[in-house]
Number of protein chains: 2
Amino acid sequence: MTLTQLSAFVLVARLGSVKAAANALSVSEPAVSQALAALRKYLGDPLLTRAGNGMTMTPGGSRLLSIAAQMVALGAEAEAAVRSAKGAPEQLRLVAPSTIVEFVAGPLADAFTARSSGSIEVSAGVAATDEMAVLVSQRLADLALGPNLGADRSLGLVSEPVFRCRLVVLGAPDTRFRGSPAQWPWLVESAATDPNSDVSRLLRALGVPESRLSVFPNQTAAWDAAARGAGVAPAIAHLAVHQLRRRELTVIDIPGTPMDVVWHATTLPLDRRSVAAGSLRHFLGTPEAMRLLRAPGSGVPPSRFRPPVYVTIWS
Amino acid sequence: MTLTQLSAFVLVARLGSVKAAANALSVSEPAVSQALAALRKYLGDPLLTRAGNGMTMTPGGSRLLSIAAQMVALGAEAEAAVRSAKGAPEQLRLVAPSTIVEFVAGPLADAFTARSSGSIEVSAGVAATDEMAVLVSQRLADLALGPNLGADRSLGLVSEPVFRCRLVVLGAPDTRFRGSPAQWPWLVESAATDPNSDVSRLLRALGVPESRLSVFPNQTAAWDAAARGAGVAPAIAHLAVHQLRRRELTVIDIPGTPMDVVWHATTLPLDRRSVAAGSLRHFLGTPEAMRLLRAPGSGVPPSRFRPPVYVTIWS
DNA sequence: ATCACACTTAAGTCTTTACTTAGGTCCGCC
DNA sequence: GGCGGACCTAAGTAAAGACTTAAGTGTGAT
């Protein structure tokens with residue numbers, strides 16, 4: 001499986017004909033056909049079959065297309081990225097659970113970039129708890145903000161506490177649900193599907209079955225639903241301060257809550273981490289960072305907005 | 001640039017030594033060193049340089065690492081995807097602007113999967129307006145939900161109106177801002193950074209400068225900030241119905257609003273589109289879909305929650 | 001200084017890729 | 001039936017990839 005073969009496949013799939021693809025690549029028709037044949041043989045799937053005038057994709061071909069297209073696009077992106085790296089600002093990758101990314105990653109990244117006077121760019125990525133440690137240890141991320149990842153000694157990571165907060169359960173002030181908390185409707189955001197997150201630990205401790213969960217694309221939406229009485233929602237207390245102050249939501253007394261949570265900053269040990277990672281680590285200890293961690297969701301200017309890491313499907 | 005070279009590079013970067021990488025791949029040390037040399041030559045960047053005991057990355061190397069790691073991971077994923085495609089449910093890719101994905105993609109995908117009794121899985125992806133047309137025409141997405149994409153005849157797409165709504169501007173009931181609307185603080189979500197979105201068209205018409213914009217990671221967070229008086233926020237009226245009903249927000253009278261907006265469903269023409277795409281297109285015309293389009297953000301059960309398309313950084 | 005260690009280069013081999021031209025096969029269509 | 005278009009296979013070639021072993025070359029430590 002080579003990139004040339006994949007791009008031949010992608011082109012045939014997109015243009016609907018071997019001939020057209022050969023034309024687009026300005027090579028002969030058999031060249032494309034053979035690249036396709038090699039791929040078919042390697043993957044053990046016809047991928048594309050003749051159907052009258054054009055070609056149709058097999059199920060395997062259709063899965064492959066989206067992945068292959070990404071790989072081809074990334075190949076081009078890789079060249080461009082390396083070529084343009086000279087003199088470009090250094091990049092720093094921060095990973096965190098979706099909750100943290102939603103509320104604090106943007107402002108934090110923005111503030112840090114400003115502080116480095118633009119010489120370091122921070123991009124934020126969402127990751128599951130158990131992936132974060134691997135990402136950092138493999139240098140695919142520079143710093144993880146979230147739970148303590150230092151427990152697994154084999155990865156050789158340094159995890160230091162940076163922020164203390166409390167996990168509570170919120171609901172609309174005037175609603176009552178019947179039965180035990182396990183029977184109530186629970187409104188959660190996507191981090192609850194990560195079995196190692198604090199929220200899913202709480203849900204397990206309470207014995208809430210999956211059938212009572214509604215997953216929302218982001219935390220604010222889940223709270224919004226809770227505010228209209230659709231159920232109860234777990235929350236890092238200080239992040240919901242606006243909703244609490246406006247009395248849209250109120251803290252519900254549930255056994256096991258408030259639950260103390262400590263956010264840790266995890267990096268490689270001092271001798272292996274990059275200078276930029278160290279300086280972000282240091283920044284997290286400053287009063288400015290504390291203030292950002294404490295004050296949720298303030299938005300950032302458009303020029304400094306960076307969407308969380310995700311790869312475009314097509315270049 | 002081959003996948004073998006890239007994986008050698010990734011492994012060296014991750015393990016911090018050529019020797020360790022060679023060991024992990026169970027090949028000789030020069031084999032890895034040469035793969036690296038070929039890549040260095042091809043890209044014209046040292047990528048990794050010796051630094052005492054280990055290796056450190058150049059800026060180019062660090063850019064490459066995250067891309068190369070994805071490519072390698074995708075390579076493995078491609079094989080797995082094709083091999084497991086036999087008998088697996090058909091997949092259907094829906095793309096839409098972030099606003100639509102946030103509110104309706106989850107419930108819509110969930111309802112459609114249920115309706116097909118699990119034989120079709122829908123995944124939702126976020127895309128910029130002008131990318132959506134290309135994605136569909138290149139078969140990288142099956143259906144786009146959003147603005148009318150039929151204007152560009154050359155792509156041969158079919159865009160049909162499915163839903164009418166109104167774009168308004170919201171603010172907290174009791175706040176007043178000074179000066180003209182162009183001077184107010186505007187709280188927007190990421191789609192506003194897409195110059196072809198309805199929101200950025202509105203902002204341009206009003207002459208709002210970039211400096212007055214705050215970008216939030218999602219629409220609900222922007223509204224939430226507006227509700228506490230931080231500024232005004234554009235909104236598709238019916239999606240903010242809960243906030244309006246609770247009087248956290250109220251419609252502000254601004255020239256040019258309400259702006260009529262029509263969501264279109266865009267697919268390939270009938271003879272070129274897949275059966276699944278046609279059936280999703282048909283589903284969008286049913287009362288059930290209408291109800292979901294009209295009722296924002298209801299959450300989905302965990303088993304059916306699918307995060308929007310993004311590629312994991314590491315496999 | 002020089003030794004040990006780790007990366008790099010050199011030289012040689014074998015395999016695979018990527019491509020060409022030439023001929024074969026399949027399918028719809030008149 | 002046979003024609004045309006489109007895809008596939010065959011045979012052959014040049015180039016590149018992916019290895020190996022053997023011999024440098026640089027750097028930190030004793």
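All chains are named by letter (A, B, ...) in the order of the sequence lines, taking the proteins before the strands, and each is independently numbered beginning at 1.
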What is the distance, rounded to the nearest whole Å, between atom [atom1] of [X] and atom [atom2] of [N]?
X       : N      : atom1 : atom2 : value
A/Leu36 : D/dC7  : CG    : P     : 10 Å
A/Asn23 : D/dA6  : CG    : P     : 11 Å
A/Arg50 : D/dC8  : CZ    : P     : 7 Å
B/Leu39 : C/dC7  : CG    : C1'   : 16 Å
A/Leu25 : C/dA18 : CG    : P     : 12 Å
B/Phe9  : C/dT8  : CZ    : P     : 12 Å
A/Leu47 : D/dC7  : CG    : C1'   : 15 Å

So, the side chain of [X] versus the backbone of [Y]: is there a donor-acceptor pair under 3.5 Å, distance only?
X       : Y        : value
A/Arg93 : A/Arg139 : yes
A/Gln5  : A/Thr2   : yes
A/Arg40 : A/Leu48  : yes

With rounding to the nearest 0.5 angstrom, report the CD1 to CG distance, B/Ile120 to B/Leu280.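 Here the rounded value is 8.0 Å.
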I'd like a table of atom pairs between the protein and nucleotides 15-22 of chain D - only N or O on both sides, under 3.5 Å - with the distance next to each one.
from, atom 1, to, atom 2, distance (Å)
D/dA18, OP1, B/Thr4, OG1, 2.3
D/dA18, OP2, B/Thr2, OG1, 3.3
D/dC19, N4, B/Gln34, OE1, 2.7
D/dT20, OP2, B/Ser28, N, 2.5
D/dT20, OP2, B/Ser28, OG, 2.4
D/dT20, O4, B/Gln34, NE2, 3.4

Would you please test B/Arg281 and B/Thr267 for side chain to side chain donor-acceptor pair (under 3.5 Å) and show each step? CA-CA 8 Å; B/Arg281 167 68 195 86; B/Thr267 59; 5.9 Å; no
Could you check whether B/Glu79 and A/Tyr42, counting side-chain N and O atoms only, form a donor-acceptor pair closer than 3.5 Å?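 The criterion, which ignores hydrogens and geometry beyond distance, is satisfied for B/Glu79 and A/Tyr42.
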Is there a side-chain contact between A/Arg40 and the phosphate of D/dC8, meaning an N or O under 4.0 Å from OP1 or OP2?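 Answer is yes, contact under 4.0 Å.
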